[in-house]
Structure formats: C-alpha cells, structure tokens
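Okay, structure first, notes after.
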Amino acid sequence: MPRRRIVCADDFEERARRRLPRSVFDAIAGGAGDETTISSNRAGFDQVVLRPRALADVGSVDASTAVLGQRVSMPLILAPTGSTYMCDPVAEFAIVRATARAGTIFALSSLASSGFDDIQAAGGPLWYQLYPPRDRSAAEERLTQLAASGCSVLCVTIDTPLPPRRDRDIRNGLTKPLRITPELMFGAAAHPRWAAKFLFGKSGVDNRRSVLAGTRGFRSLSDTLSQLAPVTKADLRWLRDRWRGKLVVKGVMRADEVPQIIDLGADGIVVSNHGGRNLDSGQSSILVLPEVVEAVDGRAEVFVDGGVRRGTDVIKALGLGARACLIGRPYVWALASGGEAGVDHLLRILQTEIELTMAFAGCATVSDIDATIVRLRGPARERTVPATEQETRSVAESVLS
C-alpha cells in the first residue's frame, strides 16, 4: 500500500499484516482468551457521540495542552509497549525521535530493547513504565538510575501480576524465552525482508548492523516476565516514598480503588485494561472513564487507553474528563509499516484528525472541550453527558451498569 493511500491508523495495521510474519503480527494484535475485551474497547467509543457547538470562532484551533506540567502539541501520548523490536531493530529510538518531532510524550516500556539513558539521548520527553520486580533492591537500583538520568515521570503498571496467556501466541509457537520453532522459521522464510532486518538490521544503539539485532528485546521481555508479581498497596507506598518525580498508576478499571491510589501518592491514573491483552471479558476502558474521573475529583490527572484509533476518540475521551489518551498498537503498526517515517506519518494523521474534530465540534482550544460536547448512548435514546457532579454520577451508573 503506497504511503499516499495510508490515510488513517487502521491502514497501518493492514500494511503491517502483510509485512510481518503471522506469529509476530499476532503477538502484537492478540489479546487474552476470545479477545472480547479488545472488541469492547472499540465498541465503547461507538457508545459515545459528539455534540458540536455552532457559532464558535474556530478559525484557529490549538490542540496543545499540559500533561503533568509538560506542554505537548496534542492530548495524545504514546503508551509503553514491549513489542517494537519485533517490527524494527531500531525500535524505541525511531519512536522517540518521531515523538519529539511531533511535540508529545513517549512512555518507554521496561520491556524496551535498550536502556532509558540511550533512548532519552535520541529524543524526548520520556516517561518510564515500570513493572515493579519482586526484588526491592533491584527496584531501588532502577529508581536511582532513572532519577540520575533525569526521568521525571514514573508510570507503574499494576494490572499484570503474572504472565498472561494468549491463544494466538500458543498456536503460533511463540514462547518466552524465545525458541526457534518450525512455525517461526516458516514465517520468517515467507517474509525475507523482515527476517533480514530482524536478524541483521541496524541496532538503535549505535546504528550499526549486528547479528540478531532484533532479539535483544526478547531477552528483556523474558527477564521482566520472570520477575512479575502482584502490586499491593504496600508496594505502591514503597515506590512513592522513594520516587521524587511524578507517579502515574496504569491499569485502573474501578472507581472504588481510586481514593486509596491517590492517597498513596499518585499524580496520574491511566484507565486501562492493558489493551485487552491480560483479561478477557473486560469492560471498555472509555466507558469506565466517567466513574474514575468522578472518583478522582480533581486530585490527579486522568488518562485513558484501549481502542483509541481516531482523533474523534481523543476528543470523546476529553469530553468525558480525560486529560489525554494513550495509544499503543497504532504506532507499532506504523513502525512495522514504514519505520520511523511511518510513525511520523501516523502522528501527523492523528494530530490533523484531532484539530479537525475540535474545529467541527466548536472547540478552539482544549479547554473548550467539556462534558457538554459528548453524549452517551442509552438503550432507547441518546443522553447528554451533564456537567454537574450529581448528574455525571447518575449517567455513569445508568450507562455503565
């Protein structure tokens, strides 16, 4: 598919499907069980519709905003993912450079193929996502290194107490640690361009070709998965006591957990079901967002991920109270489709969509986006999302029940 025909985020997915071996594509696209949570994430956005204002002066639209004190060009952040190395051995280096050019934030995964220092030197700004390891001495060492490197935002994932089970990976013989299976060999042989780049491509660290360039991330993934453990209140308190920067907690899907998370020192909360990759039969994150926003009550910034594919999705989320959205799979597809230039192209598309949606919705600035520009669909009719706290609670209860 020529680049001129890539006009939306989903186009990158179709191109990536052709370029990647099936096992690699499935490892990125797949989710837990029957993957109903993935479907629910997208379906949730269909339950939110936009309600444009007329007579608004939108001759000039400004999508910039502030996220935890950092100015960004648009309310869109690149979420942490651990699969970029399977698409391109340059991996996070390409992504952070594209993100810097777009003027927004990349949340670097602890499953990244290279360290925070190296990737930060290539661009910025960065958040760092952490799966707290069982060994607290190792965690403390990591925190010290991050602080010394200038990291200002730690994003702690709390929804992955053990390695998840994904049917697609099992069927494809994709194991961790990576073992060369007949399925993988056949897939690589059918995609020689991918195989050559994965095995002998340029490394993102020094931009030199190296044997098995793309396998570095698999080692990081295996090491991290072996250390996964449940994150408790004591763990979060321990992290807050030792981390002086901003603390974001990712993986919240219940309003009743919010007060204790904020009391433990969270500066931000990401409403997230891990993109449907951990738990099947989960609820759409966008439909959980209103109850979490209500429970936060302005004490922290709220973000949402899961199923974000369009600029309209971002504006819907902001109308429901989010500060910004996070995307994952779309930028991985873009990397697989066209490398660094592909990520550039995706971010331009999404910024254009965000700005156009704002204009047509009658919002010249992000501060103009509020609860009055969205409706939640009810069983019999559409209903306006109200601005008052009590009305928000009643709508959330009726729609989310």
Side-chain angles (χ1 to χ4, degrees), residues 64-84 91-133 139 142-160 204 217 220 224 231 236 239-240 242-252 261 265-272 274-275 285 300-306 308 314 317 322-332 335 343 347 350:
S64 67
T65 188
V67 172
L68 295 174
Q70 173 69 50
R71 202 71 190 170
V72 291
S73 63
M74 55 181 163
L76 188 71
I77 297 168
L78 275 66
T81 65
S83 51
T84 56
E92 296 86 9
F93 292 89
I95 296 162
V96 75
R97 287 192 292 262
T99 306
R101 282 191 291 271
T104 188
I105 295 167
F106 174 37
L108 181 67
S109 172
S110 57
L111 304 178
S113 56
S114 298
F116 182 90
D117 279 348
D118 290 332
I119 296 170
Q120 185 186 50
L126 287 177
W127 291 2
Y128 185 81
Q129 177 269 336
L130 179 71
Y131 292 101
R142 178 70 60 85
L143 296 178
T144 300
Q145 292 170 347
L146 289 169
S149 300
C151 179
S152 60
V153 178
L154 183 70
C155 181
V156 180
T157 298
I158 64 170
D159 64 355
T160 311
S220 174
T224 300
V231 180
L236 204 55
L239 283 168
R240 178 71 281 180
R242 285 156 181 79
W243 180 252
R244 299 307 175 206
K246 300 289 187 180
L247 182 67
V248 174
V249 176
K250 181 176 181 289
V252 176
I261 289 173
D267 301 292
I269 288 177
V270 182
V271 180
S272 171
H274 217 98
S285 54
E301 295 184 12
V302 182
F303 310 94
V304 65
D305 73 7
V308 177
V314 176
R323 177 62 61 96
C325 292
L326 281 72
I327 56 168
R329 290 182 181 95
Y331 78 77
V332 180
L335 181 69
V343 183
L347 294 177
L350 289 172

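Predicted, not measured: the structure shown is a model, and the values here were computed from it. We number each residue from 1, following the sequence as shown.
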Report summary line: Residue set satisfying side-chain contact (heavy atoms from CB on, under 4.5 Å) with Ala317, at least two apart, ordered chain then number -> Ile286, Leu289, Val304, Ala322, Cys325

Query raised in the report: Which value, rounded to the nearest 0.5 Å, describes the distance between Tyr128 atom OH and Cys151 atom SG?
Result: 9.0 Å

Report summary line: Minimal heavy-atom distance between Val248 and Val153, with the atoms involved, is CG2-CG1, 3.8 Å

Query raised in the report: If you take all heavy atoms of Ser110 and Gln129, which pair is closest and at what distance?
Result: N-OE1, 3.0 Å

Report summary line: Ala66 and Arg323 have their tightest heavy-atom pair at O-NH1, 3.1 Å

Query - Worked verdict on Asp267 versus Arg240 for salt bridge (charged side-chain N to carboxylate O under 4.0 Å, His left out) - result: CA-CA 10 Å; Asp267 301 292; Arg240 178 71 281 180; 3.1 Å; yes

Query - Val302 side chain near Val252 side chain, heavy-atom distance below 4.5 Å - result: no

Query - Ala102 versus Leu347, closest heavy-atom pair with distance - result: CB-CD1, 3.7 Å

Query raised in the report: Got a donor-acceptor contact below 3.5 angstrom from the Thr157 side chain to the Tyr131 backbone?
Result: no

Report summary line: Closest heavy-atom pair, Gly328 versus Thr81, reported as atoms and distance to 0.1 Å, is CA-CG2, 3.9 Å

**Report entry** Straight-line distance of Ile269 CD1 to Leu247 CG, nearest 0.5 Å
**Finding:** 10.0 Å

Query - Residues forming a salt bridge (Lys or Arg N to Asp or Glu O under 4.0 Å) with Arg71, sequence neighbours excluded - result: none

Query raised in the report: When you measure from the side chain of Ser149 to the backbone N and O of Asp117, does any donor-acceptor pair fall under 3.5 Å?
Result: no

**Report entry** Nearest atoms (heavy-atom pairs only) where Tyr331 meets Ala79
**Finding:** OH-O, 2.5 Å

